[in-house]
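Okay, so here's the structure we're looking at.
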Amino acid sequence: MQKTINLLKKHNELTVIDEALDIYLEIPHLAYMEVKKEDGGKALLFTNPVDSKNGRQFNVPIVMNLFGSYKRTELLFGRKIESVADEITKLLHMKPPEGLGNKISMLGDLFQLKNVFPKRLKKEGECQAVKHLESDINLYDLPVLTTWEQDGGPFITMGQVYTQSLDGEMVNLGMYRLQVYDKTHLGMHWQIHKDASHFFDQYQRAGKKMPVSVAIGGNPLYTWCATAPLPYGVNELLLYGFVTKKQAEVVKSITTPLYIPRDVDYVIEGWVDPETMKTEGPFGDHTGYYTLEELYPVMEVSAITHKKEPVYLATVVGKPPLEDKYMGWATERIFLPLLKTNAPDLIDYHMPENGVFHNLILAKMQPLYKGHAKQFMHVFWGAGQMSFVKHALFIDEKGPELNNYFSITKYVLDRFSPKMLFLSEGITDALDHSSPESLVGGKLGIDATLKFSPETPDLLTDTALLSLVQERIKGVKELHQYMLMTPNPITVITIEKTCSVSTLFEDLKDLTPHLRIVVFVDVLNNDIDNPYMLTWRVVNNLDAQRDLKIIDDVVYLDGTNKNKLDGFERRWPDDVSCTSEVVDGLKSKCLWDLEKSLELKYQL
Ligand SMILES: Cc1cc2nc3c(=O)[nH]c(=O)nc-3n(C[C@H](O)[C@H](O)[C@H](O)COP(=O)(O)O)c2cc1C
């Protein structure tokens, strides 16, 4: 980590903050603010973290926002992200070489592959320079952050979690948040679909304790690899070797059989008893909502080791954009060639940041036959973590760049018909709060590779349309029509709801000539003039099977928060928001320097 800090300093990519700041809310709030800046801001090094509640000062610095920009992400990769994707494409398309020149160049490619396998060292690593065992173990010696006021406690947010299958044949590296319960216990938030959870099932069935080693820091690419959605059974450190062209050098943990990179900053070792589950959370998550309390396994810590001068690495999640935007961008680019192996006519795909990965995916393809886009949607909905995606929009090869959101929206609305919409059901991300039951829910496909010739509606002004809607529906507050230059404007309506909104759609039937796509959101906590956050809200809140209706060719969407009025039995979580006293405190210390317009845009 020290090397990374020097690299960032050299490239003027690091701000050092020497002021004493609290690990409770203060430091994470500042990092949250920083990543909202136009270019992702700088990486932050907090040299003087304190825990005011318990009167503690730490002599360990905290580094945050490492991956928080495209530039820094490539700096940490040490190469262009596209070059990694190109190498993967080349390997996937390798053919028997013809001619001596080709044979030699192929040998070079294959020779480099030997570096992908981690190298097990016999000696101890730098990460084991200092050892804490038995009564000397204290998780509170690490400056673990509490990010949000409703969080259930402090959470380690960038832990590399190393696990192995019961028979020791498969090893896995995943990144899961870890709640600090007390000096020696951590909550293991590996969600049910993730690899460590599959391993845990094996130990549970066998009634055996599961070894776990959690590393923090070292080369930042260990952390990125931990987030990479590699197939079950593939060790993510192979990807580290592939990207860096250097073998990961690993050493054995001192109290578990697991190997961890020798140069990480911290290692927390322990054992998970499959008999014990404990309430984990709440936690202000990267969906911008809190994830609520749930039972998760617990690790009893058997050792903490660290470097002589460790640096503690952390991230903040909440409403987008976040550091994971940039980490996810690298994943998106690098995994495109792999996705193409199952969907060969896929040209590109993209996950907009305000769709928080699983809520919205845009894809471009070359449709060759009827139903081709639907076929690919099913590929996505069946492929590993891609299957969490709730809303998939596919356009054809003539469409604009997928990150040009205005052009994409216009392209789709210019040719849109409700006939493009396609509903399905499948698994949802464990973090999804909108589906009627957890883990399964509605999926919406929009096949915009089809082309229709829609007619422009009879347009009214926002004010005129608002009064017509208000005459028909109680509680309607505001109305804003977007994309009026297309034949399919999107009419956003805010409401203070007193019944299920989807029961009100019929009441607008006689306004059909003026409407094409109608979206309802709550008046509370939504800014009708902020399409970035409206998109975030609607794709988060929607379960398409429940919340989408087509009446007389008008598409109605209910993007409001659901409750008993909707027959919604689960608890609906709160938005993640900054604590205003903390923000004011940071402003008074002249540390908070985000433009007011961005503060409003991202609804901090
Ligand atoms: C900042 C951040 C925090 C994450 N937290 C969790 C988490 O708490 N639980 C989880 O299951 N996945 C979490 N993830 C996603 C996993 O790291 C990701 O799905 C990874 O591919 C899991 O690895 P696995 O497939 O080897 O299990 C997080 C990702 C990021 C970027």
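Quick caveat: nothing in here was measured; it's all calculated off a predicted structure.
- Atom NZ of Lys419 is surrounded by 12 or fewer heavy atoms from other residues, nucleotides or ligands within 6.0 Å.
- Side-chain N or O atoms of Gln179 include one that pairs as donor or acceptor with a backbone N or O of Gly281 at under 3.5 Å.
- Between Trp329 and Phe67, the ring centre distance reaches or exceeds 6.0 Å.
- Here the side chains of Asp575 and Arg537 are in contact, with some heavy-atom distance below 4.5 Å.
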key: Stepwise ring-ring contact (aromatic ring centres under 6.0 Å, His included) test for Tyr349 and Phe376   = CA-CA 12 Å; Tyr349 77 112; Phe376 278 9; over 10 Å; no
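- Contact annotation: the side chain of Val35 never approaches that of Val316 to less than 4.5 Å [non-hydrogen atoms, C-beta and beyond].
- Defined by atom type and a distance below 3.5 Å, a donor-acceptor pair is present between the side-chain atoms of His350 and Glu332.
- The two residues Asp593 and Lys37 have their closest heavy-atom pair at OD1-NZ, 2.9 Å.
- Leu600 CG: more than 12 foreign heavy atoms inside a 6.0 Å radius.
- Shown here are the side-chain contact (heavy atoms from CB on, under 4.5 Å) partners of Thr498, two or more places apart in sequence or in another chain: Lys474.
- Using modelled atom types, one finds a donor on one side chain and an acceptor on the other under 3.5 Å when comparing Tyr289 with Asn541.
- Panel note: side chain Ser197, backbone His193; no donor-acceptor pair is recorded below 3.5 Å.
- Residues Glu323 and Thr315 share a closest heavy-atom pair of OE1-OG1, 2.6 Å.
- Taking the ring centroids of His189 and Phe155, they lie at or beyond the 6.0 Å cut-off.
- Taking the six-membered ring for Trp and thresholds of 30 and 60 degrees, Phe422 and His378 have ring planes more than 60 degrees apart, a perpendicular arrangement.
- Using cut-offs of 30° and 60° for the angle between ring planes, the His198 and Tyr232 rings count as perpendicular.
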request  = Could you check Asp285 against Thr291 for side-chain hydrogen bond (donor to acceptor under 3.5 Å, both in side chains), going step by step and ending with a plain yes or no?
outcome  = CA-CA 6 Å; Asp285 225 311; Thr291 43; 3.1 Å; yes
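- The shortest distance between side-chain heavy atoms of Lys390 and Ser434 falls below 4.5 Å.
- Residues Tyr532 and Tyr602 bring their aromatic ring centres within 6.0 Å.
- Qualifying side-chain contact (heavy atoms from CB on, under 4.5 Å) partners for Leu466, counting only residues two or more places apart in sequence or in other chains: Gln470, Val476, Leu479.
- Heavy atoms only, all atoms of each residue included: Asn359 and His391 are closest at O-ND1, 2.7 Å.
- For Glu397, the CD atom counts as densely surrounded, since its 6.0 Å shell holds more than 12 non-hydrogen atoms of other residues, nucleotides or ligands.
- In this structure a side-chain-to-backbone donor-acceptor pair under 3.5 Å is present from Asp432 to Ser435.
- Applying side chain to side chain donor-acceptor pair (under 3.5 Å) to Trp592 and the options Glu34, Glu599, His29 leaves one that passes, Glu599.
- Taking the charged nitrogens against the carboxylate oxygens, Glu280 and Arg177 do have a contact shorter than 4.0 Å, which makes a salt bridge.
- Between Lys497 and Asp566, at least one side-chain nitrogen of the basic residue sits less than 4.0 Å from a carboxylate oxygen of the acidic one, meeting the salt-bridge criterion.
- Relative orientation of the Trp224 and Phe77 rings is perpendicular, given thresholds of 30° and 60° on the angle between their planes.
- Between Asp396 and Lys451, none of the side-chain N atoms (NZ, or NE/NH1/NH2) sits under 4.0 Å from a carboxylate O, so this pair counts as no salt bridge.
- Look at Arg333 and Asp348 and you find a salt bridge, because one of the NZ, NE, NH1 or NH2 atoms lies within 4.0 Å of a carboxylate O, short of that distance.
- Note on ring orientation: taking the six-membered ring where Trp is involved, the planes of Trp572 and His433 are perpendicular (angle over 60°, cut-offs 30° and 60°).
- Atoms CZ and CG, from Arg72 and Asp39 in turn, are 8.0 Å apart once rounded to the nearest 0.5 Å.
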message = The test is ring-ring contact (aromatic ring centres under 6.0 Å, His included); show your working for His286 and Phe357 and say whether it passes.
response = CA-CA 10 Å; His286 86 119; Phe357 301 115; 5.8 Å; yes
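- Phe452 and Phe416 have their aromatic ring centers separated by at least 6.0 angstrom.
- Minimum heavy-atom separation, Ile528 to Tyr482: O-OH, 2.5 Å.
- Shortest non-hydrogen contact noted between Gly68 and Tyr326 is O-CE1, 3.1 Å.
- For Val583 against Cys578, the heavy-atom pair with the smallest separation is CG2-CB, 3.7 Å.
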